[in-house]
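Below is one structure; the comments refer to it alone.
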Amino acid sequence: MNDAILYAMQRTRTPYKDQLTGLWVVRWENNGKWQQESFNDDGDAWYFYHRKFGEFKAQFMTQERGGK
């Protein structure tokens, strides 16, 4: 399970507040490229982050089981 958490941590970045725009930003890796989503509220940004983090953990677990 720790490997799944490390995998997800390497592919997501915690939300941060952009000083220029005042928006909360979440970054994640998608097919080798970094993408980002912006939010007005920090709660929305954290929700999105945890959802992406969970997706990456599940992806790792599926790969470890051979796609089953």
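In this text the structure is predicted, and so the values were computed from the model without any measurement.
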Q: Examine Val25 and Tyr47 and state if one hydrophobic cluster contains both, with Ile, Leu, Val, Met, Phe, Trp and Tyr joined whenever side-chain heavy atoms are less than 4.5 Å apart.
A: no

Q: Verify whether the ring centers belonging to Phe53 and Trp46 lie closer than 6.0 Å.
A: no

Could you tell me which non-hydrogen atom of [X] sits nearest to which non-hydrogen atom of [Y], and how far apart they are?
| X | Y | value |
| --- | --- | --- |
| Gln10 | Trp34 | O-CH2, 3.6 Å |
| Ala4 | Lys57 | O-CG, 3.6 Å |
| Phe56 | Arg11 | CE1-O, 3.6 Å |

Q: Please round to the nearest 0.5 Å and tell me the distance separating atom OH of Tyr49 and atom OG1 of Thr12.
A: 4.0 Å

Q) How far does CG of Asn30 sit from CD of Gln36, to the nearest 0.5 angstrom? A) 13.0 Å

Q: Verify side-chain contact (heavy atoms from CB on, under 4.5 Å) between Leu6 and Phe60, making sure each step is shown before the conclusion.
A: CA-CA 10 Å; Leu6 290 174; Phe60 180 84; over 6 Å; no

Q. Residues in side chain to side chain contact (heavy atoms under 4.5 Å, CB included) with Asn40, at least two apart?
A. Leu23

Q: Not counting sequence neighbours, which residues clear side chain to side chain contact (heavy atoms under 4.5 Å, CB included) with Ala45? List them please.
A: Pro15, Trp24, Val26, Phe39

Q: Any chance you could lay out the side-chain contact (heavy atoms from CB on, under 4.5 Å) test for Glu55 and Gln59, step after step, and finish with the verdict?
A: CA-CA 6 Å; Glu55 288 174 12; Gln59 179 183 23; over 6 Å; no

Q | Residue pairs fulfilling salt bridge (charged side-chain N to carboxylate O under 4.0 Å, His left out) with at least one residue in residues 16-42, sequence neighbours excluded | A | none

Q) For Tyr16, is the NZ or CZ atom of Arg13 found under 6.0 angstrom from the centre of its six-membered ring and inside 45 degrees of the ring axis? A) no

